[in-house]
Amino acid sequence: MNTLSPLLATADAAPLAGVAAKTLENWRTLGLGPRFIKAGRRVLYDPADLLAWRNQNRFGSTSEV
């Protein structure tokens with residue numbers, strides 16, 4: 001059974017991404033960071049997208065970057 005996780009506002013998503021809310025805002029304008037959802041004027045983050053972004057940005061050494 002699939003259940004939807006509650007969506008997170010920028011301020012709630014930022015600690016999970018390990019950055020400040022302002023950084024997430026800046027990344028959105030630059031096309032960086034985790035995927036986000038626009039709901040009218042609100043910007044929301046799916047916890048699954050935050051987890052996927054974290055996993056995609058996991059490295060074992062600086063030579064992998």
Side-chain angles (χ1 to χ4, degrees):
M1 175 179 185
N2 290 337
T3 59
L4 295 175
S5 297
L7 298 176
L8 304 173
T10 301
D12 298 319
L16 297 176
V19 298
K22 191 70 175 169
T23 300
L24 278 183
E25 293 170 8
N26 290 334
W27 283 352
R28 284 197 306 267
T29 64
L30 298 172
L32 304 172
R35 296 177 61 83
F36 60 93
I37 297 165
K38 285 284 289 187
R41 297 182 73 186
R42 295 181 64 196
V43 174
L44 301 168
Y45 290 87
D46 187 325
D49 289 333
L50 290 166
L51 181 60
W53 175 80
R54 285 175 50 161
N55 287 334
Q56 290 170 352
N57 288 283
R58 204 177 282 264
F59 301 98
S61 73
T62 56
S63 64
E64 292 180 54
V65 179

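Of the candidates Leu44, Asp49, Val43, Val43 is the only one forming a side chain to side chain contact (heavy atoms under 4.5 Å, CB included) with Phe36.
Leu16 has its side chain out of reach of Tyr45: every pair of non-hydrogen atoms, C-beta onward, lies at least 4.5 Å apart. Between Leu7 and Arg42, every side-chain heavy-atom pair lies at or beyond the 4.5 Å cut-off.
Heavy atoms from other residues, nucleotides or ligands lying under 6.0 Å from CG of Leu30 number more than 12. The neighbour count for Lys38 NZ, taken as heavy atoms of other residues, nucleotides or ligands under 6.0 Å away, is above 12.
Minimum interatomic distance between Ala21 and Ala11 (heavy atoms only, all atoms of both residues): CB-CA, 4.3 Å.
Placement of Val19 and Leu32 within a single hydrophobic cluster is found when ILVMFWY residues are connected by side-chain heavy-atom separations under 4.5 Å, directly or transitively.
A donor-acceptor contact shorter than 3.5 Å is absent between the side chain of Arg35 and the backbone of Asp46. Of the possible polar contacts, none joining the Gln56 side chain to the Trp53 backbone as a donor-acceptor pair under 3.5 Å is found.
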